[in-house]
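Got a structure for you, written out below as structure tokens; questions coming shortly.
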Protein chains: 2
Amino acid sequence: MVSSPNQDTQGSAARKPVAQIRYELLTLGDELLLGLTANSHLTFIGAQLGRRGVMLGRNVTITDEADVIVAQFRESWARADVVITTGGLGPTCDDRTREAIAAVLGQKLVRDEGIVQSIADRFSRLGRKMTDNNLKQADRFEGGEVMINGNGTAPGLWVEQDGKVLVMLPGPPNELHPMFLEQVVPRLAERGLLLDREAFVQLRTAGVGESMLETRLQPIFERYGDALSVAFCAHQGAVDCRVSSPSGRLNYEELAAIARECGALLGEDLMCYGHDSLAKVVSDLLREQEMKLALAETATGGMLANAFTGVHGACKFFAGGVVCYSNDAKMQLLDVPECLLKQHSAVSDECAVALATGAAETLGADYAMAVTGFAGPCTGTMQHPVGT
Amino acid sequence: MVSSPNQDTQGSAARKPVAQIRYELLTLGDELLLGLTANSHLTFIGAQLGRRGVMLGRNVTITDEADVIVAQFRESWARADVVITTGGLGPTCDDRTREAIAAVLGQKLVRDEGIVQSIADRFSRLGRKMTDNNLKQADRFEGGEVMINGNGTAPGLWVEQDGKVLVMLPGPPNELHPMFLEQVVPRLAERGLLLDREAFVQLRTAGVGESMLETRLQPIFERYGDALSVAFCAHQGAVDCRVSSPSGRLNYEELAAIARECGALLGEDLMCYGHDSLAKVVSDLLREQEMKLALAETATGGMLANAFTGVHGACKFFAGGVVCYSNDAKMQLLDVPECLLKQHSAVSDECAVALATGAAETLGADYAMAVTGFAGPCTGTMQHPVGT
């Protein structure tokens, strides 16, 4: 039942159109099945593949027992063109993934002296002693390659066999993400297993519902008939519109031109082209203008501040934020007049403007934004950017 | 290949010890595979089952194409004692889960007049017109039961057949969570497929590392030998310690007594018994004492405020928070003296105390907490509760 190693780099998979190439993701670890850790690998890898024209065929989360890994890997390897695994590459005795998969592939594991050296270097840089079990991480498939891990000890593994590709990635997200983007995506694209660039051009909009967006853009789409494919995707605070041409009758430049025409028609309702968050788009504008932003929040309780401080280099454009749940806090921190709160209530346009003005003045910012609303699952009904 | 309906409620599954009962979770939906939505069902259901003595055997995420559902359900149904599905119960034509699974089970779908009525009532309450496709959601398995959905139109479905249990749940978390806790867990426990109560007693600690915790508690654990099983689980800001007795030689009351002894030894390092967050524990204390809390944050950028405003009824105990990224903001909003920032720097014990004092005074709070640190993936090195 064990297939023989076979270094064919132009297997059957590469001859299919990208959209028909079958990917399966195996996520390993009891901590996922016990709900102790969210399965962020599915979200990350699924999204990255989706952008390059592939929908992940299946994700299976299993324990790291050797017999379970063997059975699941055998099944996925038979069905898929590309199998990606995450986790189980660590130094401890419950990290059995390499051995289990080597058995199914009929491959030997060999110790890679280059990896031994880089693990040893890493330990000496950190001033820690390397224990023997760490050397296990230097094992690679005899007929396979190694992907350098810039942020940890366990390297990624890459195997081409039976016209298929196996990619094994370390579990920690800060190791997996750069390895996937910088090493895995280009290798897969080179072999025709992913598109060379994104499969669609995306417009991200804010402030328009999905059906209204479709109605407004329809006159543009109609001109291209079935050469153009359009998909809408609504998520919190944004609706994305993706234009693509699965038949290939429109090339990337033509799609980009269509997107620009849609963007011009949408005017202020266009947030950006691509995948940036609203906070990132606003931050880029602030940085460009060398301006600073202040925030005042009530029911959103720090979520807005968190979105901005999450953007790289926030100290350059973010003056600060205030979470003022109570009326006292609104009056004391941001000088909102008591009579305004009594006359218009705390959830009112007037209060939002007073909060924003107060935040801009107190924090010495050029722009301020205030969100007010009733605490609950859906809050933040009014947003008032106020220049000062 | 189709098995015949068979209403046996005491199947083979119920005769095994709970820890050996095999659960599989099928999560359906392209949005999961495309990384547009995180698979929160795995995290939620995995954790709930884990607390009742069962580790989920496998989670498979698949598209909602009928043939894919049929193949995967057939495989899981053959292997597992309990299969749980999420999603695919909605009113639209791409919700094919009921039909696909009915085919595998050899069951008929019948329209349930009770569900028809409750869907119609829901629409009339919301003042909306019910379209015909909504009636599809009133279909249940002929040999099965219905679980009422208090927060949506699609009810849950419950089938016992072949000595196994099938549970089908709607996808939206606000519908799934209460249905699972209030209807699914008690039904499974009644049939001996889950423990009647939690499988372990959990101590949640803060401020002690995993290995130090083990060393301190070891003298207590040693007295019970192998009758006692101890597991540690570290997550952000907390280390949990779970004591259990898989052999049953210690009963729940004895385990609770052991946990209390550990708690007494740990003193202030014990956060709580059970699963509450640090924010929830602090909030309960504040409410009990009728006191209010103010926050000052820097690099954590609103995460702390968000943790507290996420607790139910936050307006009773949360006075407000300030995110002061820049030194200007620290001085202007919270009266931190410029000379203090110059002498000790913004990331210092002294600055944290000044921030907390400023927050308590400005916001009229009884307690204040300040976090300061360098922006980066791991921030917030100093926490200073300050009574005023």
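All figures in this text were calculated on a predicted structure; none of them were measured in a lab.
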Under 4.5 Å heavy-atom distance to chain B, tell me which part of A:A314 shows up: side chain, backbone, both or neither.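 A:A314 touches chain B through backbone and side-chain heavy atoms alike.
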Non-hydrogen side-chain atoms of A:F308 and B:V323 separated by less than 4.5 Å: no
Among the options B:Q72, B:Q48, B:E31, pick out the one with the most heavy-atom pairs lying under 4.5 Å from chain A. B:Q72
A:S326 and B:A319: which non-hydrogen atoms are nearest, and at how many Å?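 Nearest pair, atom of A:S326 first, then B:A319: OG-O, 3.6 Å.
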Given a strict heavy-atom distance threshold of 4.5 Å, which part of B:A296 is in contact with chain A: side chain, backbone, both, or neither? neither
Considering only heavy atoms, which portion of B:E24 lies under 4.5 Å from any heavy atom of chain A: side chain, backbone, both, or neither?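 When you check distances to chain A, no heavy atom of B:E24 falls under 4.5 Å.
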Does CD belonging to A:E338 count more than 12 external heavy atoms closer than 6.0 Å?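 No.
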Counting only heavy atoms closer than 4.5 Å, note whether B:L34 contacts chain A via side chain, backbone, both or neither.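 Backbone plus side chain of B:L34, per the 4.5 Å heavy-atom cut-off to chain A.
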In short, B:T43 meets A:A38 closest at the heavy-atom pair OG1-CA, 3.9 Å
Check whether A:L36 gets within reach of chain B through its side chain, its backbone, both or neither, counting any heavy atom under 4.5 Å. side chain
Quick one: of B:V60, B:V68, B:L334, who has the most non-hydrogen atom pairs under 4.5 Å with chain A?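 Option with the greatest count: B:V60.
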Heavy-atom pairs under 4.5 Å with chain A - which of B:G301, B:G320, B:G302 has more of them than the others? B:G301
Go through A:A305, A:A294, A:G50 and name the one with the most non-hydrogen pairs under 4.5 angstrom from chain B.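 Winner by heavy-atom pair count: A:A305.
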Name the one of B:N39, B:L42, B:N59 that satisfies side-chain contact (heavy atoms from CB on, under 4.5 Å) with A:L42?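 That would be B:N39.
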Between CG of B:L33 and CD1 of A:I45, what distance do you get to the nearest 0.5 Å? 12.5 Å
Chain B contacts, top residue of A:L363, A:T61, A:T63 (heavy-atom pairs, under 4.5 Å):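 Option with the greatest count: A:T61.
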B:N306 side-chain N/O to A:T300 backbone N/O, donor-acceptor pair under 3.5 Å: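 Yes, B:N306 side chain to A:T300 backbone: donor-acceptor pair under 3.5 Å.
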Heavy-atom proximity to chain A below 4.5 Å, by part of B:C233: side chain
Can you tell me how far apart CG (B:D30) and CE (A:M55) are? Round to the nearest 0.5 Å. 3.5 Å
Are any non-hydrogen side-chain atoms of A:M303 and B:T309 less than 4.5 angstrom apart?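 No - every pair of side-chain heavy atoms lies 4.5 Å or more apart.
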